[in-house]
Amino acid sequence: MAATLSVENLNTTFFTKAGEVKAVDGVSFEVDKGKILGLVGESGSGKTVTGFSILGLVDPPGRIVNGRILFGGEDLVQLSEESMRHIRGKRISTVFQDPMMTLNPVLRIDTQMIEALLAHEKMTGDAARQRARDALGQVGIPSPDERLKAYPHQFSGGMRQRVAIAIALLHRPELIIADEPTTALDVTIQAQILFEVQALCRESNTAMIWITHDLSVVAGLADDICVMYAGRLVETGTVDGVLDNPLHPYTRGLIGSVPSRNTRGRPLNQIPGMTPSMLSLPKGCAFRTRCAVADGACEEQPEITAPIDGRGVRCFHPHMDNPQ
Amino acid sequence: MTEPNAPLVRLQNITKRFVKSLDLTTKLINLVGGNYREEVVQAVDDVSFTIGEGEVVGLVGESGCGKSTIGRMVAGILEPTAGAIQYRGEDLLSLPKAKRRSVSLKSQMIFQDPFASLNPRMRVRDIIGEAPVAHKIVSSDELDDYLDEVMNLCGLEPGFKRRYAHQFSGGQRQRIGIARALAVKPDFLICDEAVAALDVSIQAQILNLFMDLRKELGLTYLLISHDLGVVEHLSDRVVIMYLGRLVEVATAEDLFRDPNHPYTKALLEEVPRIDNRRRNFAPVKGEIPSPIDPPSGCYFHPRCPHATERCKTEAPVLKEIGPGRLSACHLNDATG
Amino acid sequence: MTELANGLPLAAVSATEKAADVETPFQRFLSGYCESKVAIGAFFGFLVVLFLALACPWISPTNPYDLMQVDIMENRLPPGSARYSDGMIYWLGTDGQGRDMLSGIFYGLRTSLFVGAMSGVIALMLGTTVGLTAAYFGGRVDTVIMRIVDLQLSFPTILVALMLLAILGQGVDKIIIALVTVQWAYYARTIRSQALIERRREYIEAAQCLALGHRRIVFRHLLPNCMPPLIVVGTVQVAHAIALEATLSFLGLGLPPTEPSLGLLIANGFDYMLSGRYWISFYPGVALLIAIATINLMGDQLRDVLNPRLQK
Amino acid sequence: MTVYVIRRLLQAVLVIFIMTLIVFFGVNVIGNPIDILVDPDCDQACFEAAEKALGLDKPIIEQYFIFVENALQGNLGKSFVIGMPALPLIVERMPATLELALSAMILAIFTGIPLGMWAGLRPDSVSGKVIMGGSILGFSLPSFWVGLMMIMIFAVEFGLLPSTGRGETVTVGGIRLSFLTLDGLSHMILPAINLALYKISLVIRLTRAGMREAMHQDYVKFARAKGLSTTRVIFVHVMKNILIPVVTILGLELGNVIAFAVVTETIFSWPGMGKLIIDSIQVLDRPVIVAYLMITVFMFIFINLIVDLLYSLIDPRVRLQGIKA
């Protein structure tokens, strides 16, 4: 069975005044129907740009310089803006981080929902309103009829994010790209959203890419993980595989950095140094300068290898002494 | 965990109200029969707890629960509307001005936003060195050596003294903020979401720095955070807040092993954990109510799975339910 | 201690750092400003205007207000004509009284820039004081001050200035008073809103937490960070003041004929224009345009460079 | 919302009261009109008689109360010079000024907004840069000088357009209007453009700045991610967000345009209120000055009030605050 989405060797570069920034550098992954892929990385790792690249929404000075994005048998990179527009919102939809910013503050919710429907389907205004109302109900918004007439600022943060999710679900998309959708929310509200997203994906068999910096959220939600560092994928695999047996030193460091009940009273296993500037990455492996096991070999760029079945790691010295 | 012998800071019935008072027009309208009332936000409602010498107390709650307001009152940036704050047994608010200044210097705050918390027009040496010189902790001649010492302590390269804040990354900026606080030789650090804005790997560095400083300098911490992982990692005791009120106080061990209050339980249930895979999220229902218009009785009752009639009318008081454990829930009365 | 420090690549940095590594906010501002060639051009253009205005007693061919040097018979000569007595060229012609236009423009620039700068500086100081007071004290003081500011701003500047001058009469001091009156409110509003934003920022809270004195917080922490929008407003207002002064003088309400500004020169030419003697009004207008445009162009780039949203 | 309206109304009344004080006492400081009006050969008796006839012999406080009492009845005094009641004198001139001001505003809106949008959408294109350069020029051009140059080029050199007066007018409902006749329209072109020039630049800059800011907002990206067409994103999502501030500022600028008409009317001999006030200031015709000020104050307060209320109607965010307050 072909994957819903298959990204092959994607390169997105920003041509800034200060120099070229390879925000996404040779990224490849697949998402299957009904599966949730967690795309994990710290700020500046290129995870958001990856999402925008799939949607064809990379703004100048950035552009996709290389690679293929296969979706439903078509290469999205090659599609015209007009054909891309028919995919966006209909077959691939998105949820962004800050629900305060993603809904237009001066347009009513019904306007914003109905326009999304009419952009892709011919239907009467009444039918569209009906669909919008049902979608609000589906994501657990009480009294959707009244809420349709409200403006975004009349909703709480959690409710706004629900509206955004309702809009994303309007056309029953094949793929949802969710970019840190719960980061701005409180724990109890985050749990509600995660619960609903999970249920909706399972019901409708939608594939999803969940972009986040938070390993814990991915642990609870996703099936597979891709870890990004400085624009490159450094490790891929199933959630259990990667979190229980991380191969890349960066992934190991990242997991060790998360405070939890096991680390109580002990120093965290921190990664030294800072995230390098994307304008002056170290030659070869970008993680080299912060890595404990780096040696001369790392001055060359490592390729992704699969030392274990179903796993991928971009490292000359993957951590192998704990194979399960 | 033994009950700390000497409390460093004691909060007694602290209340903070923010009032948006009526303007002339609304008063005039009220005169002719209008019914406009002042908008009152009870940010902190009758909160009491202590922080022992050398202890790390975690203050946990969701947005709008008043945890930052408490931090700012303890740090002396805000004044409580009612109640008393004692520092080593001295009532901070009734001290004479000069004395109060020197006492409140002993409590320093680490802020959330590493960008907004450093003055962009000052060099690192002034950011860190201004206060110690102003308060005559060091003379300006000795300042350089002193700065080297403080900066080394915080993992900052002393050679960077002449730089401006914009030349540093988020993690380094946070270290500068910590150095600024430590430079006035405080006993007590209030960390208000001090790692929330940082990347995970940098966050770990700063958390380790906090632990090392505690060992090195015998500091006491009030750790304000929404992140239960961080709180569990560092705290000795934990205080849970909901909508301006205390909900539960317990040692970290007790609390995370056996939470008492339904809200605490819900929080612990729902915090995502790295060792918790593909779980079924079972969230608590409802929204966080607005502090302008809180529910009656127990503030948590509209969302509580165990709420009874009593919870709707009567606000539960914080009661001792075990050694060093307090909880504000009517359920504890029923069970024993 | 080494364990603490391992978060940083210490070895890579030498303990004594070179001055070049330290980028001051001013240097950052400068490199931002220099990104636009137009802005650099505007800056040098403005320097030239400023030089002409300052140095005019020494560089202008004649002193147009020294009656000894003016020959009333040589009035309304077109540009390029030569003086009868010594053959000096009137590059831009002469006006209705036979004065050299070029010299008149230099002197006019001097007056215009002086009035613009002077009123700008006074209005800035007044507005800053009032605005900071409002922001710092808040409450009733703030309400009263801001009501006055709103009131002032709801009336068109030209109208207020017109009325003031009608009351006060003509004169450099009078027009400066009028310009300050119509301008201070812009500065006050700008600094107040900026101060209210900055006051809530964490570095101010940090300073309070460090128990620094109020005066130190206001002048060392708050004020310097409120400057950027003030500078932007300042350039716009100075340009505006120069234009306004010229307009008022043109209407015969600004400066007296003894203190010729560019507006007055243009007004003088109005009468001759219909007979095709364009130069008496045209060239002073060009000079005025250059002075205002260079300031506006600089202000435009300043706005981009100092915009906090674009900084980071 | 009602509170908001009441609050604004109360403020307006207060402002008008303060303005009567300022205007009246301010204007009374201007030189003594008797000196100008009365024959220099006039003796003391005739001097006093003139003073009495004009009501200038009474204490100034009393004069003020008489002034307020009369003003409330619509009587703002008689012109010293023309001898006509000041109020009708000004009201008669008002349509000419309003006609000019409104056409300038319309010009500003219909050229400024499209140009600003274009420049905002393509900030780095040649056309975008030209528009911005033009707007800086428009911002910097002293409008009185531009007026002169326009007269010189279009009226003197080429004789294309008339440079003075209103031309042929049509009376509609007792109001004389120029823009309904071809001749009148040709008389209006130069002054209207002259008056509009600065505002066009302002609108371009406001629109462009708003456009550039809005284009980077997440809601625009989200709208695009919904698959909306570019036209819809720009003309619904972006436009509505920019138009709110632009329209608000323009509303407030209307007062400014009316005031600045003073200059344009003087240059083009347009027989409006502005020309009248300049003439009156020059002869110290106190009642006319006072009447003009009171009328403009009233007008500005009215305009500001309407704009504020409209603003709170068109911006949903303000509307909610109003309800809460």
Side-chain angles (χ1 to χ4, degrees), chain A residues 36 40-45 140 156-159 182 184-199 213-223 239-240 243-244 250 253-275 277 290, chain B residues 60-65 168-172 195 197-209 211-212 226-236 242 252-253 256-257 263 266-290 303:
Chain A
I36 300 179
V40 181
E42 297 184 287
S43 52
S45 62
S156 69
M159 283 296 165
T182 59
L185 303 175
D186 278 311
V187 180
T188 54
I189 308 298
Q190 165 171 296
Q192 293 170 353
I193 301 276
L194 290 176
F195 168 73
E196 267 144 34
V197 164
Q198 203 175 36
H213 69 279
D214 192 339
L215 278 173
S216 324
V217 168
V218 168
L221 185 72
D223 302 291
V239 164
D240 290 331
L243 295 183
D244 292 335
Y250 174 66
L254 209 55
I255 294 170
S257 293
V258 179
S260 71
R261 116 179 355 169
N262 310 331
T263 60
R264 209 171 128 59
R266 283 185 285 132
L268 292 167
N269 178 19
Q270 67 182 46
I271 304 173
M274 305 169 281
T275 324
S277 153
R290 302 174 74 185
Chain B
V60 183
E62 295 180 284
S63 58
C65 74
F168 294 90
S169 68
Q172 285 174 309
V195 294
L198 305 175
D199 273 327
V200 184
S201 66
I202 308 298
Q203 177 177 326
Q205 295 175 359
I206 300 292
L207 291 178
N208 283 352
L209 177 63
M211 290 184 80
D212 290 332
H226 69 280
D227 186 337
L228 284 165
V230 169
V231 170
E232 185 175 9
H233 179 72
L234 281 183
S235 311
D236 300 324
Y242 187 72
E253 255 168 81
F256 286 97
R257 193 189 56 233
Y263 176 64
L267 269 187
L268 293 188
E269 272 300 282
E270 284 156 29
V271 60
R273 286 181 185 281
I274 202 158
D275 40 15
N276 207 342
R277 304 291 154 70
R278 277 189 299 286
R279 46 185 286 223
N280 290 309
F281 292 93
V284 61
K285 63 192 180 200
E287 299 261 295
I288 303 170
S290 153
R303 304 175 74 190

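Convention: sequence-line order gives letters A, B, ...; per-chain numbering from 1.
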Name the region of B/L267, side chain, backbone, both or neither, that has any atom closer than 4.5 Å to a heavy atom of chain A. both
Counting heavy-atom pairs under 4.5 Å with chain B, the top scorer among A/S216, A/G158, A/S277, A/A199 is A/S216
Grab the two heavy atoms, one from B/Y263 and one from A/T188, that are nearest each other, plus how far apart they are. CE1-CG2, 4.5 Å
Trace of the side chain to side chain contact (heavy atoms under 4.5 Å, CB included) decision for B/Q205 with B/L198: CA-CA 10 Å; B/Q205 295 175 359; B/L198 305 175; over 6 Å; no
The interface call for A/E196 against chain B, heavy-atom contacts under 4.5 Å, is neither
Working to the nearest 0.5 Å, report the span between CD of B/E270 and CG of A/L194. 9.5 Å
Quick one: side chain to side chain donor-acceptor pair (under 3.5 Å) partners of A/S156, sequence neighbours excluded? B/E287
Side chain, backbone, both or neither: which part of B/S235 has an atom under 4.5 Å from a heavy atom of chain A? backbone
Taking A/I189, A/T275, A/L185 one by one, which has the highest count of heavy-atom pairs under 4.5 Å against chain B? A/I189
Look only at the side chain of A/D223 and the backbone of A/I36, and say whether a donor-acceptor pair between them is shorter than 3.5 Å. yes
Do you know which of A/D214, A/L243, A/I193 has the most heavy-atom pairs with chain B at a distance under 4.5 angstrom? A/L243
Does any heavy atom of chain B fall under 4.5 Å from the side chain of A/R290, the backbone, both, or neither of them? side chain
Just by distance, do the side chain of B/N208 and the backbone of A/P267 share a donor-acceptor pair under 3.5 Å? no
